[in-house]
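A short write-up of the structure that comes next.
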Amino acid sequence: MTFAPNTTERIARARADLRMGVPVVITGGGAAALVFAAETLTPARLDELRGTDAVIALTEQRAATLKVAAYDGDLVRLTLPQDADLAWVQAMADPADDLRRPMKGPFTAQRTGTPLPHRAGIALTKAARLLPACIVVPVADGIATARRHDLTLLTAESALATTLSPLDPVISARLPLDVSDAGRLHIFRPDDGAEEHYAVEIGTPDRAQPVLARLHSACFTGDLLGSLKCDCGPQLRGALAQMGAEGAGVLLYLNQEGRGIGLANKMRAYSLQDQGFDTVEANHRLGFADDERDFRIGAELLRKLGFSQVRLLTNNPAKVAKLESCGLTVTERVPLKVGENRHNAGYLATKAAKSGHLL
Ligand SMILES: Nc1nc2c(ncn2[C@@H]2O[C@H](COP(=O)(O)OP(=O)(O)OP(=O)(O)O)[C@@H](O)[C@H]2O)c(=O)[nH]1
Ligand SMILES: [Zn+2]
């Protein structure tokens with residue numbers, strides 16, 4: 001018996017470390033490296049990197065914005081100039097000042113050696129809801145480095161694993177709602193220490209029949225604040241109202257804020273939208289894909305609740321396809337057209353043009 005953290009727990013610890021600015025040690029592809037999140041790098045730690053072979057790893061989307069070829073396919077490794085200061089690192093990772101102070105280079109891309117620790121580092125920064133960029137410094141001996149500096153050590157393979165973490169039911173309790181007295185809230189907690197997700201069950205839906213279902217992605221601004229930039233709040237309330245009217249349904253409230261990039265990054269995207277970029281372009285400039293959500297979570301929660309067939313409330317045909325690819329049967333797509341206003345008309349039009357949403 002050992003009380004040491006297992007692989008999953010190490011990854012959870014690594015996410016927390018990176019959020020605080022503490023580096024982690026990643027091994028993989030026969031190499032080992034110290035990995036720092038660019039967003040939380042401190043001046044003192046950057047000073048320690050002078051004279052090393054540090055690189056900054058950026059995603060293909062951020063590379064495209066900076067007009068450098070993504071030599072490793074999904075990422076690029078750029079040499080950290082010896083005189084690079086924190087402002088340089090942050091400007092490489094964060095597009096906030098791209099227009100005012102374009103990062104022109106010349107950049108020197110590293111093309112030899114393994115990009116595995118870099119890829120793992122980027123995956124961890126995304127999972128930590130930070131900007132997807134990291135500083136990577138090769139070290140000769142990963143184990144010794146981790147021990148000497150008291151750092152979390154993990155393999156790139158474990159950080160890049162794609163198996164869905166088990167979601168454990170924690171508790172469910174009766175929750176009378178405006179839309180129905182017969183409401184019930186279920187809490188699910190993933191094994192990997194990531195965000196919990198919720199299911200609101202209305203009535204007692206027949207598990208043998210398709211259930212009216214909504215997979216709602218958290219939107220603090222729309223759901224809670226009444227933001228007019230999106231249609232999430234009215235969609236949330238509209239879906240619940242329809243379930244109440246039908247007497248049965250299930251709404252999953254998935255904590256995948258900002259299509260999976262987190263609230264801070266979503267606000268960065270909003271700030272870019274104020275510079276004239278649309279919702280998809282803003283995600284790309286930040287280094288993200290259009291949609292970073294993992295739809296397997298929703299499918300798994302529905303299964304856990306005993307549902308295999310759904311009438312899905314959505315305007316997003318990709319969501320239907322993704323749920324079906326996760327093994328659920330979508331018997332019907334039920335449109336959810338509420339909440340259009342003069343502020344979100346452009347947002348909805350972009351989703352229709354670029355993400356296949358139906359207007
Ligand atoms: N990254 C990013 N996320 C946004 C933006 N506006 C809203 N969101 C998030 O988008 C998610 C909602 O997803 P949508 O793309 O609006 O809709 P959908 O879930 O794909 O489709 P529907 O089922 O029709 O609502 C929520 O997590 C919001 O926080 C934005 O401009 N940028
Ligand atoms: Zn929203």
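Not measured: the values here are computed from a predicted model. Both counts, for ligands and for their atoms, begin at 1 and track the order of listing. Computed from heavy atoms alone, side chains included, the values below leave out hydrogens, waters and symmetry copies.
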At what distance is the nearest protein heavy atom to [atom], and which residue and atom is it?
{"atom": "atom 24 (O) of ligand 1", "answer": "N315 N, 2.8 Å"}
{"atom": "atom 30 (C) of ligand 1", "answer": "T279 OG1, 3.2 Å"}
{"atom": "atom 11 (C) of ligand 1", "answer": "R259 CG, 3.7 Å"}
{"atom": "atom 13 (O) of ligand 1", "answer": "R293 NH1, 3.5 Å"}
{"atom": "atom 16 (O) of ligand 1", "answer": "K351 NZ, 2.4 Å"}
{"atom": "atom 22 (P) of ligand 1", "answer": "T314 OG1, 3.4 Å"}
{"atom": "atom 7 (C) of ligand 1", "answer": "Y347 OH, 3.0 Å"}
{"atom": "atom 19 (O) of ligand 1", "answer": "K319 NZ, 2.7 Å"}

For the 3.5 Å polar cut-off, considering only N or O atoms, please tell me whether D291 and ligand 1 meet it. no
Does L313, backbone or side chain, put an N or O under 3.5 Å from an N or O of ligand 1? no
Using a 4.0 Å cutoff against the non-hydrogen atoms of [X], which atoms of ligand 1 qualify?
{"X": "R214", "value": "22 (P), 23 (O), 25 (O)"}
{"X": "Q235", "value": "24 (O), 25 (O)"}
{"X": "Q273", "value": "30 (C), 31 (O)"}
{"X": "C219", "value": "28 (C), 29 (O)"}
{"X": "Q256", "value": "27 (O)"}
{"X": "N283", "value": "1 (N), 2 (C)"}

What part of [X], side chain from CB on, backbone N/CA/C/O, both or neither, has a heavy atom under 4.0 Å from ligand 1?
{"X": "K266", "value": "side chain"}
{"X": "I261", "value": "side chain"}
{"X": "K229", "value": "neither"}
{"X": "Y270", "value": "side chain"}
{"X": "A218", "value": "backbone"}
{"X": "H216", "value": "neither"}

Is the shortest side-chain N to carboxylate O distance from D98 to R62 below 4.0 Å? yes
Lys/Arg N to Asp/Glu carboxylate O, E48 vs R45, below 4.0 Å: no
Once side chain to side chain contact (heavy atoms under 4.5 Å, CB included) is applied, do any residues pair with I187, and if so which ones, sequence neighbours excluded? V170, I171, L185, E196, Y198
List the residues meeting side chain to side chain contact (heavy atoms under 4.5 Å, CB included) with A159, not counting sequence neighbours, and say none if there are none. A120, L124, L154
If you draw the axis of the six-membered ring of Y71, does the NZ or CZ of R77 fall within 45° of it and under 6.0 Å from the ring centre? no
If you compare all heavy atoms of [X] against all heavy atoms of [Y], which two are closest, and at what distance to 0.1 Å?
{"X": "F307", "Y": "P205", "result": "CE2-CB, 3.7 Å"}
{"X": "A133", "Y": "A93", "result": "CB-CB, 3.7 Å"}
{"X": "Q90", "Y": "A38", "result": "CG-O, 4.4 Å"}

Taking it one step at a time, do R207 and E201 satisfy salt bridge (Lys or Arg N to Asp or Glu O under 4.0 Å)? CA-CA 12 Å; R207 267 54 179 177; E201 189 174 357; 2.7 Å; yes
V22 and V139: same hydrophobic cluster, using ILVMFWY side-chain contacts below 4.5 Å? yes
Quick one: pull up CG in N265 and CG in L131 and give me the separation to the nearest 0.5 Å. 5.0 Å
CG (L323) and CG (N316) are apart, to the nearest 0.5 Å, by 10.0 Å
List-wise, which protein N, O or S atoms are found short of 2.8 Å from the Zn ion (ligand 2)? C219 SG, C230 SG, C232 SG
Option passing salt bridge (charged side-chain N to carboxylate O under 4.0 Å, His left out) with E39 (candidates R19, R129, K126, R268): R268
Could you check whether any side-chain heavy atom of V55 comes within less than 4.5 Å of a side-chain heavy atom of L80, counting everything from C-beta outward? no
With a 4.5 Å heavy-atom cut-off, do P132 and Q61 have their side chains touching? no
Step through it carefully: locate the ring centre of F188, locate the ring centre of H197, and say whether they are under 6.0 Å apart. no
Results of salt bridge (Lys or Arg N to Asp or Glu O under 4.0 Å) for R311 - residues two or more places apart only: E246, E332
